[in-house]
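Contents: one structure, followed by commentary.
These numbers were taken from a predicted model, which means no experiment stands behind them.
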Amino acid sequence: ITACSTGDTSIKPILPTIFAPAEGQPDNLPRAGSCENDLLPVTQGATWSYYSAGGPNGDFFYTDTITESTSTGFTLSSQFPALTLTQKWLCAEDGLLALQLGGGTTASVSMQNMIADFKTEEISGLSLPRAIAPGMQWDYRLIMEGSLATPSEGAQSPGTFNLKMRGIGSETVNLPAGVFEAIKIQATFDAQINVDFQGSFFLYTVNGSSIHWYAPGVGLIKSIENIEFSGTPFTSTTELQSYNIPK
């Protein structure tokens with residue numbers, strides 16, 4: 001299935017500053033299950049192209065691709081103008097579970113002028129259940145450990161990422177990639193990174209809320225996020241420009 005992009009490619013993308021996940025995965029993962037999920041087709045070679053505007057990293061295009069798929073999981077690669085990030089996913093019995101922070105706006109944490117490399121130490125909940133009904137609620141939580149790189153020096157940084165989600169019905173969404181009947185999900189999230197920098201501790205926080213739209217058989221098609229980064233509010237909108245899901 002292919003939809004042609006009608007996005008304005010003359011817009012100069014800005015490279016986002018986001019977390020790059022470290023290699024490895026946490027212990028005590030849930031039991032593996034089927035990768036079938038109507039809201040995120042797990043097909044090797046599937047691609048989704050997005051345009052994100054209004055966030056703390058500026059406006060930019062990026063493309064998500066499933067670059068590897070097995071019976072128990074897959075790898076999602078996010079291609080930015082000068083950076084590629086990969087994110088491992090597990091196909092659990094009750095749905096799909098991201099094992100690392102990824103390139104998407106809510107699934108990662110923006111930190112101005114920093115690139116962080118984190119390994120997930122503990123994980124709980126689900127990223128995307130197998131079926132979502134109005135009023136259904138679920139959580140997703142990561143505990144991470146890694147290093148935070150500033151323009152001058154590095155620092156050790158433990159951190160947490162919490163996401164609470166709720167299904168709120170369905171809606172018709174008109175986008176450059178087409179018109180979709182989509183499942184609507186409301187989320188609140190927070191991240192805290194405690195940085196030990198030259199013997200002094202600094203707490204970086206990101207808080208916010210978001211709405212996500214997933215089209216059955218297509219995947220994520222739109223998100224609107226209200227983010228507070230270190231006391232500064234931003235509203236970020238991400239929209240699907242085109243997609244290709246091999247049969």
Side-chain angles (χ1 to χ4, degrees), residues 5-21 39-40 47-65 76-85 87 98 100-116 118 127-128 140 142 159-168 171 173-178 180 182-193 204-215 218-243:
S5 170
T6 58
D8 184 357
T9 57
S10 67
I11 298 174
K12 299 297 183 182
I14 298 173
L15 177 66
T17 304
I18 52 184
F19 284 141
L39 297 184
L40 179 56
T47 61
W48 300 264
S49 295
Y50 298 97
Y51 180 63
S52 181
N57 299 308
D59 303 346
F60 55 91
F61 291 97
Y62 71 96
T63 299
D64 282 348
T65 304
L76 185 69
S77 296
S78 297
Q79 179 64 63
F80 298 95
L83 176 68
T84 300
L85 300 180
Q87 181 187 36
Q100 304 157 312
L101 291 178
T105 46
T106 293
S108 60
V109 181
S110 299
M111 303 290 284
Q112 294 285 7
N113 301 317
M114 298 180 183
I115 295 291
F118 282 88
S127 300
L128 195 63
Y140 172 67
L142 293 176
T160 60
F161 179 77
N162 300 287
L163 185 61
K164 295 183 178 294
M165 291 161 281
R166 180 171 66 92
I168 54 174
E171 191 171 282
V173 182
N174 194 333
L175 298 171
F180 305 93
I183 301 298
K184 195 174 180 180
I185 299 171
Q186 185 178 57
T188 59
F189 60 93
D190 66 83
Q192 296 185 345
I193 310 299
Y204 291 91
T205 62
V206 179
N207 299 289
S209 62
S210 59
I211 301 290
H212 299 266
W213 289 263
Y214 281 85
V218 177
L220 177 67
I221 60 168
K222 182 178 179 179
S223 67
I224 298 177
E225 298 173 297
N226 296 297
I227 306 169
E228 182 176 310
F229 171 73
S230 294
T232 302
F234 297 88
T235 296
S236 173
T237 300
T238 299
E239 294 186 339
L240 184 66
Q241 305 296 299
S242 64
Y243 65 98

*Step through the shown structure and confirm whether more than 12 heavy atoms of other residues, nucleotides or ligands are within 6.0 Å of NZ on Lys184.*
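Yes, NZ of Lys184 has more than 12 neighbouring heavy atoms, counting only those of other groups under 6.0 Å.
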Which atom names give the shortest non-hydrogen contact between [X] and [Y], and what distance separates them?
X      : Y      : value
Asp64  : Tyr50  : OD2-CE1, 3.8 Å
Lys222 : Thr237 : CE-CG2, 4.4 Å
Asp59  : Gly54  : OD1-N, 2.9 Å
Leu142 : Ala98  : CD2-O, 4.4 Å
Ser52  : Thr238 : OG-OG1, 3.2 Å
Ser127 : Tyr140 : OG-CE1, 3.5 Å

*Kindly indicate whether the side chain of Ile221, heavy atoms from C-beta on, has any atom under 4.5 Å from the side chain of Trp48.*
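No. Closest side-chain heavy atoms not under 4.5 Å.
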*Are side-chain heavy atoms of Pro176 and Glu239 found at a separation under 4.5 Å?*
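In contact.
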_With Gln186 via side chain to side chain donor-acceptor pair (under 3.5 Å) - residues at least two apart_ =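 Counting only residues at least two positions away or on another chain, Gln186 forms a side chain to side chain donor-acceptor pair (under 3.5 Å) with Arg166.
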Taking atom [atom1] of [X] and atom [atom2] of [Y], what is their separation to the nearest 0.5 Å?
X      : Y      : atom1 : atom2 : value
Leu240 : Leu220 : CG    : CG    : 8.0 Å
Ile168 : His212 : CD1   : NE2   : 10.5 Å
Thr47  : Tyr243 : OG1   : OH    : 11.0 Å
Asn162 : Asn207 : CG    : CG    : 10.0 Å
Ser77  : Tyr62  : OG    : OH    : 13.5 Å
Gln241 : Leu175 : CD    : CG    : 8.0 Å

*Please step through side chain to side chain contact (heavy atoms under 4.5 Å, CB included) for the pair Leu163 and Met165, ending with a clear verdict.*
CA-CA 7 Å; Leu163 185 61; Met165 291 161 281; 3.7 Å; yes
*Residue pair Trp213, Val218: steps toward the side chain to side chain contact (heavy atoms under 4.5 Å, CB included) verdict*: CA-CA 11 Å; Trp213 289 263; Val218 177; over 6 Å; no
*Are Thr63 and Ser49 linked by a side-chain donor-acceptor pair shorter than 3.5 Å?*
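Short answer, yes.
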_Any side-chain to backbone donor/acceptor pair from Asp190 onto Phe161? Under 3.5 Å, distance only._
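No, Asp190 side chain to Phe161 backbone: no donor-acceptor pair under 3.5 Å.
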